[in-house]
Every structure is written in structure tokens, then in C-alpha cells.
Q: 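Just dropping this structure here.
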Amino acid sequence: MSFFKNKLFAIVGLLLACSPAAFAYDPPKGGIFLPSIYSPWSLATSATVTGGDSPWASLMNPSALAGTELYQIEVDYTGITDFGTGTQGWGSAASIAFASPVPYGVWGTSLQFLTVPSTMTSMPLGTVGTFNASFAKDLLPNLHLGTALHVSLGSNGNSGWGLGFDVGLTHFLGDLGAFKDARWGIALLNAGKGYETSPLPSGILGGSASAYPSAFTLGLGIRGYLIQSYNWNLDTALDLWTPGFEDLNGSVSIGLDYRHLASLRVGWSAGYQDINANSGRSLIPSVGLSGTIPLDKGPAAQGRQSPDASLSPSVAVAPLYDSLYATSAGVNLKYGVEDKTPPVINVKLPVPFRGI
């Protein structure tokens, strides 16, 4: 276990040393939110590297899908608006994602699309589409590793593109102090060429905007249950992010869950450079509701009917910059065959004597 952690930290350290010092960090408004704006689950949680085994979570930690045994299809839509208080118009963000477990790991693919009008000055990101391909594997029962490659194409006056890869790790700790079923994660996102257009929109610091989302972004987080019972579960997550290694963002969320069938989640995030520049980033928490509906059967998988299936809807609302809000809805379908085989335990009585 320590071997794999040392390897990951070595890779992160090498990428940090090789990242160009010439990167002028000045993201446009909304650029920091970009990976988490597509899904109601990520909006409610805020940016996190410990989001669970769903496609939305793999955008912020590619190891997230390593533990899934079921096929997944996830469809999400987010509307971005000031609810008519100004003249910023309506923006849209949408995502469709798939997870495919195979004997040697889990493949994931997703397509995200964002478009905002030119009147949306509080989120001047234009139009951009991103294709992601990821692979995750459980190297050990309590250690998951993943990597992803993504390409972005779009326009914001003129065309732009970006190409990068992500690497992430999730380590399951078990009970840790007050936390039950604790886990921690680390991820390096957007190592490569960040998405940029020319001419660039204005950044939060007053200059021409840097890539969005920021290239070479490191995230570190921990999650665990404060209450864990048959009926009620209360968990909390804490994450720190260093976009471009030139800023510090923090996010915290807390979720109340009833029998894993219905849950309420509240999330909050803030960034040093946003506060320092008085950029208008809202400090109001995000709120999300989600549920899980067990199904009698799912679509056919590998030529046979899926005995294990569930449908999970979710809605969320989150403040962005100035008067802008994101309202999101999504649904996740899981289907396939879960491994419910209990471990085989051989007991010999009487126990052989092995003393001296």
C-alpha cells in the first residue's frame, strides 16, 4: 500500500516540478466550477475527490469508478440563470456518461457540453464540449487508482482547444477516530494544455483569463460518517484544491441519508483569490436532494437480464457568481450482476497444535 502511495506522490511531485512557471493564473468567473457544474450530485457536494462510485465523481477523481460492479448510464442537465434579475440570459450545461466494468477494471466515458450567451458577463465561458475517457482499478481491496484523458473543443469569439490527463487515488481507511468508514483521496487534474480561446475573456484578477478549468490542479480530500446506522447516516467531506498551484480553494459538504434511499446534501466552497479580488463568488451554500429506486430488473448486460438494478434521480441548486444560480437535475441508472458470493471459510477442529 505504501509503495503505491509513494509512487503517486512521486508522480505528482514530478508534474509539479515540470509545470511551467509561466502559467499566469487568472481564471474567468465560473472557470473554477466547470468540472462540478454538469451534475446535481457534484453541485450539491461541491468539488470533491471522494464522491463515490458514479460517473460524475470521476471528473474530479478518476479512481472513483474502481469499486463499481454494475454498468451505469448517467444523464444530467444544468440551467444557469439570474432568474430575470438582470440581463444575463440563460446558459446550459449537459452531460452523458457511461461506466463499464470488465474483469480487469472499470472503463468510463463521458461527454460534457456547456454554452452560455455573450450577455452572461458573470460566467463568460462561451461554448465548450469535452470528451473524457477513463480507466480505474482496485489495486488492493482498500486502494483504488484511476487515470483519464480528455479533450476539449469550443469557441468564445474564436475557437479554442485543450488536451490533458488526470490521475487519482482513493484509499479506504475504515474507522478513523470519530469517522466511520473513512476514505481519503488525491487527484491531479488537467495535466497538459488547458482549454483557452482567443481573444480571452477577462479573469477574476483583472487580466486576460488563463485556462479553464486550470491546468495542473491538485485536490486532496477526506470523507467519513459521523453517524452510521440502519436507518440514518450522516457523513461529511472536506477538500482542498490548488488550481494551477497558484490558488487555494476549500469545500465542505454534509449529507443526511435515510437507508440509502433518500438523501439531503448541503455544500459550501470558497477560494482565496476570489475573496482577495472580491470577484463576486457567492458564499451561499448549495443544496441537493437525491434518491434511489430499486428496480426488479434492468436492461440486458452481457447477454442476460440484469437482476440488480436501480434508478437514482437528483436535483440541486447552487449559487455561482454575482446573481447567477445553477439549477440541475439528473438521473443515474445502474444495472448488472453484483458479486454477492460470501467468502469461503475452512475451519478444522480441533485446531492443530503449533507450539514448541
Side-chain angles (χ1 to χ4, degrees), residues 15 18-39 42 47 58-60 62 76-80 88-97 109-134 148-166 187-219 241-247 249 271 273-274 277 279 281 320-321 324 326:
L15 290 171
C18 296
S19 61
F23 284 167
Y25 177 77
D26 193 2
K29 291 183 177 182
I32 294 173
F33 294 125
L34 206 50
S36 59
I37 202 170
Y38 297 103
S39 159
S42 54
S58 67
L59 293 182
M60 288 162 282
D76 309 297
Y77 174 78
T78 301
I80 305 165
Q88 300 210 51
W90 182 275
S92 295
S95 173
I96 183 169
T109 57
S110 65
L111 181 64
Q112 287 78 40
F113 180 77
L114 170 77
T115 183
V116 299
S118 58
T119 55
M120 192 166 284
T121 55
S122 293
M123 197 169 173
L125 304 182
T127 297
V128 58
T130 302
F131 174 76
N132 294 268
S134 66
L149 180 69
H150 45 85
V151 58
S152 300
L153 298 172
S155 65
N156 197 359
N158 286 311
S159 60
W161 65 278
L163 178 66
F165 74 91
D166 309 332
L188 180 70
L189 306 182
N190 307 315
K193 181 190 181 301
Y195 172 76
E196 293 177 308
T197 61
S198 178
L200 295 167
S202 297
I204 60 174
L205 303 181
S208 295
S210 53
Y212 53 97
S214 298
F216 295 94
T217 293
L218 183 68
W241 295 88
T242 59
F245 297 108
E246 296 186 54
D247 194 3
N249 279 252
Q273 294 287 17
D274 279 295
S279 66
R281 180 174 174 179
L320 302 176
Y321 282 82
L324 285 184

Q: Ser214: which residues meet the side-chain hydrogen bond (donor to acceptor under 3.5 Å, both in side chains) condition with it, sequence neighbours left out?
A: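 Scan of Ser214 (side-chain hydrogen bond (donor to acceptor under 3.5 Å, both in side chains), adjacent residues dropped) gives none.
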Q: Is there a side-chain contact between Asn132 and Leu59 in this structure, where contact means two heavy atoms from C-beta onward sitting under 4.5 Å apart?
A: yes
Q: With a 4.5 Å cut-off on side-chain heavy atoms, are Phe165 and Asn190 touching?
A: no
Q: Go through it in stages, so that I can follow the logic: the residues are Gln273 and Tyr25, the test is side-chain contact (heavy atoms from CB on, under 4.5 Å), and I'd like the CA-CA distance, side-chain angles, deciding distance and then a yes or no.
A: CA-CA 10 Å; Gln273 294 287 17; Tyr25 177 77; 3.9 Å; yes
Q: Rounded at 0.5 Å granularity, tell me how far CG in Leu111 sits from OG in Ser95.
A: 7.5 Å
Q: Taking only residues two or more places apart in sequence, or in another chain, which ones meet Ser152 in a side-chain contact (heavy atoms from CB on, under 4.5 Å)?
A: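 Once residues adjacent in sequence are excluded, the partners of Ser152 under the side-chain contact (heavy atoms from CB on, under 4.5 Å) criterion are Val128, Thr130, Tyr195.
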Q: Are any side-chain N or O atoms of Asp274 and backbone N or O atoms of Arg281, one a donor and one an acceptor, separated by less than 3.5 Å?
A: no
Q: Measure from the side-chain N and O atoms of Glu196 to the backbone N and O of Ser210, and report whether any donor-acceptor pair falls under 3.5 Å.
A: no
Q: Between Pro27 and Ala209, which heavy-atom pair has the shortest distance, and what is it?
A: C-CB, 4.4 Å
Q: Could you tell me which non-hydrogen atom of Ala93 sits nearest to which non-hydrogen atom of Leu114, and how far apart they are?
A: CB-CD1, 3.8 Å
Q: Compare every heavy atom of Pro243 with every heavy atom of Thr217, then report the nearest pair and how far apart it is.
A: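 Result for this residue pair: OG1-CA, 3.4 Å.
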Q: With a 4.5 Å heavy-atom cut-off, do Glu246 and Phe216 have their side chains touching?
A: no
Q: With sequence neighbours excluded, what pairs up with Thr197 under the side-chain hydrogen bond (donor to acceptor under 3.5 Å, both in side chains) test?
A: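 So Thr197 forms no side-chain hydrogen bond (donor to acceptor under 3.5 Å, both in side chains) with any residue.
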Q: Quick check: closest heavy atoms across Ile204 and Ala277, and the distance to 0.1 Å?
A: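 Looking at all heavy atoms of both residues, the closest pair is O-CB, 3.5 Å.
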Q: Work out which heavy atom in Gly271 is nearest to a heavy atom in Asn249; give both atom names and the distance.
A: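 Heavy-atom minimum between the residues: CA-OD1, 3.4 Å.
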Q: Mind checking whether Thr127 and Asn156 have side chains closer than 4.5 Å, heavy atoms only?
A: no
Q: Could I get the full list of side-chain hydrogen bond (donor to acceptor under 3.5 Å, both in side chains) partners for Asp166, not counting sequence neighbours?
A: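 With sequence neighbours excluded, Asp166 shows a side-chain hydrogen bond (donor to acceptor under 3.5 Å, both in side chains) to His150, given in chain and number order.
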Q: Of all residues at least two apart in sequence or in a different chain, which pass the side-chain contact (heavy atoms from CB on, under 4.5 Å) check with Thr242?
A: Leu218, Phe245, Leu248
Q: So, using side-chain hydrogen bond (donor to acceptor under 3.5 Å, both in side chains) as the criterion, who are the partners of Ser134 when residues are at least two apart?
A: none
Q: Of all residues at least two apart in sequence or in a different chain, which pass the side-chain contact (heavy atoms from CB on, under 4.5 Å) check with Ser92?
A: Tyr77, Trp90, Thr115
Q: Rounded to the nearest 0.5 Å, what separation is found between the CD1 atom of Ile80 and the CE atom of Met120?
A: 6.0 Å
Q: Mind checking salt bridge (charged side-chain N to carboxylate O under 4.0 Å, His left out) for Asp247 and listing every partner two or more places apart, or none if nothing turns up?
A: none
Q: Using the test side-chain contact (heavy atoms from CB on, under 4.5 Å), find all partners of Leu153 that sit at least two apart in sequence or belong to another chain.
A: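 Checked Leu153 against side-chain contact (heavy atoms from CB on, under 4.5 Å); matches are Trp161.
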Q: What heavy-atom pair brings Asp26 and Gly207 nearest, and what distance separates the two atoms?
A: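 Smallest interatomic distance, heavy atoms only, reads OD2-N, 2.8 Å.
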Q: Using distance only, find each side-chain donor-acceptor pair of residues 29-38 under 3.5 Å and give its atom names and separation, not counting sequence neighbours.
A:
residue, atom, partner, partner atom, Å
Lys29, NZ, Ser279, O, 3.2
Lys29, NZ, Asp322, OD2, 2.9
Ser36, OG, Phe33, O, 3.1

